[in-house]
Each structure stands twice: as C-alpha cells, then as structure tokens.
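First up is the structure itself, then whatever we jot down about it.
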There are 2 protein chains.
Amino acid sequence: MRGLVWDGHRLRFVDAIPSPVRTAETALVRVRLAGICSTDLQILRGYMGFRGIPGHEFVGEVIEGPAPWPGRRVVGEINFSCGRCVTCRNGHRRHCPTRTVLGIQGADGAFADFVRIPVANLHAVPDEVDDQTAVFAEPLAAAHEAALQTAALTGGRTTVVGAGKLGLLVAQVLTARGDDVSVVCRNDVATQRAAGLGLQVTDARGAERGRDLVVDATGSPEGLSIAMGLVRPLGTIVAKTTIATAHTIDLAPLVIHEISLVGSRCGPFAPALEGLRQNAVSVKPLVDAVFPLSRGPEALEAAGRPGALKMLLAVGED
Amino acid sequence: MRGLVWDGHRLRFVDAIPSPVRTAETALVRVRLAGICSTDLQILRGYMGFRGIPGHEFVGEVIEGPAPWPGRRVVGEINFSCGRCVTCRNGHRRHCPTRTVLGIQGADGAFADFVRIPVANLHAVPDEVDDQTAVFAEPLAAAHEAALQTAALTGGRTTVVGAGKLGLLVAQVLTARGDDVSVVCRNDVATQRAAGLGLQVTDARGAERGRDLVVDATGSPEGLSIAMGLVRPLGTIVAKTTIATAHTIDLAPLVIHEISLVGSRCGPFAPALEGLRQNAVSVKPLVDAVFPLSRGPEALEAAGRPGALKMLLAVGED
C-alpha cells in the first residue's frame, strides 16, 4: 500500500509498504480522508520518539473485520488499550498504561491506504455526516474532553487562548454548552476566521482578565503564561497544548492564586459524532486545503505555516 | 521597637524602629513567638520584591484594639483584604486583588516587637494551646487548604513529596482525614523525623507510582517533576511550592495523563486551631531551635540549611 513514513529524520511518501494484517480483535479500514493535527507536526520535531506511519484523524470504510463492521463507514478512537488492567476496568481505557496510540505511539497511523483499528475503538459514522465532517470526530472529541473536565464551570466566563484548529473547536463546544466564550487570536487571519464562526474575539492585550475558565489551545510554550494572566484566582486552566520540549515557566502565580491546571488530551467520540450530526459545531470552515496522499509531506509543511488551519489528505480519492 | 528589616540586600536586626500605629479596624499585637517559613527564605532571594519587616507566623497578645480583643492571646490570618470587592464578597478574602500580605507583600510582618493586624484576621488561641503550638496555626492552616481542595480524594492513596516543615504538616493532616499517606524523604534526617511522627516514609526512587494524590511540598523546582512521576493518570497534584524564579519543566506528562495540578497557598485557621487543641497533629517535634529576636538573621540562616525544620524567634522573651 501507499503511505507516509517518518523515520526520525524525514517524512517520505512510500508506495510499497506492506499492508497491515488483521487480527481477531481488529478491523482493517480503507482510509478515505485523514486530517493533519498539530501533534503530527510535533512528532516531526521528536514528540514521543515516534517512528512509522503518522496520522490519527481519519474516516474510512471497514474492508475486513467481524460482523457487523465490514462495509461500514467509520471513525476510530486512537488509544488502543488492553481492556483488562485496573485502569481499563475502571473505565479509563484512554489511559491504559500499556496502550499504543494510533500514529503517535507504537501503532502505525492513518496516513496510508489501510489502517488497522481495534474493533472496540470503531464508531459508525451516521449517513448524514459526510467525510469532510466526519474526519473531525477525533479533534472534536478532544474538544469535548475539555468540556467534560470542567462541567462544574458550565455557563461561566471562558476564554480560549489560540484560534487554531483545536481552539476553534473547543470554543464552539464551550459556547454550545452555554459559556460566555471569548477567543484570544494572535493575528488578523485568526481573528477573521474565529469571527466568521460567530465567536467573540480579542487579542491577548485586550483580553478580559479574571475569567473563570481559560483553555490553552495555543500549541506554544507561551500559552500557559498567557492563560495564567487571564484566569481569576481559584479559577481553572485547561491545558490542551502538548509540545515536544521542556520550557521555562514561572509557576508561582498558579500557587499564589490557587489556580487549577487540568491536562486534557483525548475525549469521547459519541458526543462529538452527535454534535457533527446535529451541526452543533461548524467544522468545514476550518478546512484549508485537501491534498492527495502522495503530496503528504507538502501538506504537513503547509499545516505548519502560521495561520494554517486543517489540512486534509484525500487518501481514497488519490 | 526592635525588629528584623530586609532592605533587598541584607537582613538586619534594628532596635529603633517606629512602632506601628493602630487604625480603626486593626489591633496592635505584642508578638510573643514567631515562626520562620520557607517563604521568608524565598523573600531573601527576591520573592515578591518585598522590603520591610518579614514574618507571617506568630502568636502574640493584643495590647490595643476594639473590644473584646485587648489582652487576648491571638494568631492572625496573613492576607489583609478590602472586604468589599467581588472577590471578598464571594468569600474569597484571601484572594482579594488589592490585599496586602503580612510580611510578604506591602505589610510589615511579625519579626518585631509589635505588629498591626486587621481585627477581621484575628483568631483567639484556646488556653490549652501553648505558644510553641499556636505559632503553627498559620502553616497548619496552609496544610488544611490542601485537604480542603482535595476533599473528593479523601481516603485515597496519597504521597507527600518533601519532609520539610510544611510537608510534615500536610502529611499529618491527610493521614488524619483517612488517606493512605506516604512521605518521600530526601535524606536520612528527613526519613527519621517523618518516621518519628508515625508517618510512612520512602525515598523518591522507591516511591510507589500511580498515586491518586501527590502533594509537592519540596519547595524546590524538582518537586513538580517528581510529583508528575508518581501520580496516576487522571490524578491530582497539589502544588505547595512557591519559588522566586522561573524554571524549566516539561509539562507534556500533565497533558498526556490528564493530571490536575492545583495551586495551594493559605488556608482556614479554624480547623487548624481545632486540630492543635485536640492534638490531632504533632507540631513540637518540628521545632529545631528557638532564637532570640536579636539573633534573627542567624536564625534565618539556620532555617535555610538542608534538613532544617522550624526555627522560632522568641520575641517577647528576648
């Protein structure tokens, strides 16, 4: 099969990769469309020491697997857990200590013709949700996670720092649940895109302080410091930013103002798919371009440019 | 009056400081005993840019003030708030944005013969609590704050990193509420002192991982990284460490494991005083030495040595 391969130095398009072989508890999925996430860009900077085929946002069609999956259009949760350990049995499968993670840790990803996904991780895509919408299920689930983790703050004064791919999803989810949401945008392009989605926008300097909840979705080391400057004493910051390197930060304000900093990663697919079905969240305006798989390296480069939003890889249509 | 004065360069004992003048809503307290906290040592390293008389842990006697305070033995909360702003009216006076803080920010402290304390901040000391016990009210209140902020984790598997003054108080409070507490000690002296208080001890290497709650009471930049290595996914870290400088840290594990990091500063005096009255917490074994006020600079130096616990200043008995 064809796919993109990261060897630790270079991302290459390869057209003769052995296809994955299905096992008893997995399905083989023919990828139709895959999304490029900031985590993919971090992987190319060394994040998680990953080697292999990246890609964890996809929509595809099951071509091999147990009933009732073959022929179904699916998206898939990215944490492949054992299902048997204490963490899994407690309902926290996404945190299974022996998990592999699709295209991120120990498992080849979706930037390829075929990908192997545990059946337990599959979600059928409703017919009314088209591919370009369904491919947002994974990042939208991650946005829902921020909402779940801060359920007690519903309806509060919320600021999302960062108007990138994830920030704009988080802002929409928190607006939909009733928060008074403001989005901190870094430049005019971001401001226009956020405003175009009906979101309240501001720049970092003009942003209102004393917010109940601040979400750092900047993907940059500065995001947390900006968030600490905007949150109220005893308030909550949700950290959505994973970056590949350690950085210098003064955490004294967190202690002095008794702020809660909540790390937030993957989330539940069910509310994300339901939100997409109901058009509760607008995702298509986030798509910047669709590249054929063979131009994947170029697509990742484009995704890394300032102001870029979602780049998609049309795998099935290449 | 006599007192210790920090001018930004040197801590000096001065015997001709003008005594504070009482205002309508304050009381004048003759200090009997004052405690040296790690925050005082941080102040000598630049923390908060404080200048003046440090000291925020004290027990004393009211010599001037409205009824019924004159003659009473008291301890005092250290955040002097306006009482009128939204934060104060919401019950969060310790976070009043225009507050001054005793011996830390904009208000002369207790390393002196007399100190001025808002009446709203005073707490009478029960007769059965002697001075050397009562002087622990403030740090014990800070330990109770960690318990209050993690009430939902009561009875869980808890690790306190750091067997210093504050760590040993936190460990005792969390043990008393029913947690299964382990204390990470850095050296033999700390291990012996923690074990002497009946606490379970371990070193960082041997510490059990996957804990529900980890409290960083190290007072050092490494504490948070150690805590991140010990807490379970979706677990909670309480940060008790305030340090004067920014430092380098990799926060990716916090996001990946969806850890909650809760800043924790000052706490409620009422449960602390009640705990002291009931001997629920053992504080006298934490006292290393009592210095006369005139030897204050020497006492702060001693408090900064590795393994040192609580140094007290006997102000009234000098």
Side-chain angles (χ1 to χ4, degrees), chain A residues 39 42 47-48 79 86-87 90-97 99 101 104-105 142 145-146 148-150 209-210 216 221 223-225 228 231-267, chain B residues 39 42 47-48 79 86-87 90-97 99 101 104-105 142 145-146 148-150 209-210 216 221 223-225 228 231-267:
Chain A
T39 302
Q42 289 294 328
Y47 181 65
M48 303 300 290
N79 296 281
V86 174
T87 304
N90 284 346
H92 303 308
R93 296 180 65 129
R94 293 196 289 269
H95 288 281
C96 174
R99 72 184 177 279
V101 186
I104 295 174
Q105 185 183 343
E145 181 71 356
L148 271 178
Q149 292 173 303
T150 60
R209 289 161 180 269
D216 170 17
L224 184 53
S225 297
M228 285 199 292
V231 75
R232 67 165 166 79
L234 301 165
T236 299
I237 297 172
V238 170
K240 273 288 178 196
T241 292
T242 43
I243 46 176
T245 52
H247 60 281
T248 300
I249 186 160
D250 177 7
L251 286 174
L254 186 126
V255 177
I256 292 170
H257 302 305
E258 299 196 294
I259 296 161
S260 291
L261 173 62
V262 181
S264 182
R265 189 171 44 102
C266 299
Chain B
T39 302
Q42 288 295 328
Y47 182 65
M48 301 303 288
N79 296 281
V86 174
T87 304
N90 284 346
H92 302 308
R93 295 180 65 128
R94 293 196 290 270
H95 289 283
C96 173
R99 72 186 178 277
V101 186
I104 295 174
Q105 185 183 341
E145 181 72 356
L148 271 178
Q149 293 173 302
T150 60
R209 289 160 178 269
D216 169 17
L224 184 54
S225 297
M228 285 198 292
V231 74
R232 66 165 166 79
L234 301 165
T236 299
I237 296 172
V238 170
K240 273 289 178 195
T241 293
T242 42
I243 47 176
T245 52
H247 60 281
T248 300
I249 185 158
D250 177 6
L251 287 174
L254 185 126
V255 177
I256 293 169
H257 303 304
E258 300 196 294
I259 296 162
S260 290
L261 173 63
V262 181
S264 182
R265 189 171 44 102
C266 300

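Proteins get letters first, then strands, A, B, ... in listed order; numbering begins at 1 in each.
Checked for salt-bridge contact, B:E258 and A:R94 miss the test: no charged N lies under 4.0 Å from a carboxylate O.
When every heavy atom of B:V101 is checked against every heavy atom of B:R99, the shortest pair comes out as CG2-NE, 3.9 Å. Shortest non-hydrogen contact noted between B:A142 and B:R265 is CB-O, 3.4 Å.
At a 4.5 Å heavy-atom cutoff, A:T236 makes no contact with chain B through either its backbone or its side chain. Contact annotation for B:I259: only backbone heavy atoms (N, CA, C, O) come within less than 4.5 Å of a heavy atom of chain A. For B:T87, no part lies under 4.5 angstrom from a heavy atom of chain A. When heavy atoms are compared at a cutoff of 4.5 Å, A:I237 does not approach chain B at all.
Each of A:P233, A:P97, A:A252 has some count of heavy-atom pairs under 4.5 Å with chain B, and the biggest count is that of A:P233. For the options B:L261, B:V262, B:L251, heavy-atom pairs under 4.5 Å to chain A are most numerous at B:L261. Looking only at heavy-atom pairs under 4.5 Å with chain B, the residue among A:G210, A:P221, A:S260, A:C266 that has the most is A:S260. Residue with the most contacts toward chain B among A:V238, A:I256, A:L224: A:I256 (heavy-atom pairs, distance under 4.5 Å).
Atom OG1 of residue A:T241 and atom CD of residue A:Q42 lie 9.0 Å apart, to the nearest 0.5 angstrom.
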* **Working for side chain to side chain contact (heavy atoms under 4.5 Å, CB included), residues B:H95 and A:R232** => CA-CA 9 Å; B:H95 289 283; A:R232 67 165 166 79; over 6 Å; no
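For A:Q149 (side chain) and A:G263 (main-chain N/O), a donor-acceptor pair under 3.5 Å exists by modelled atom type.
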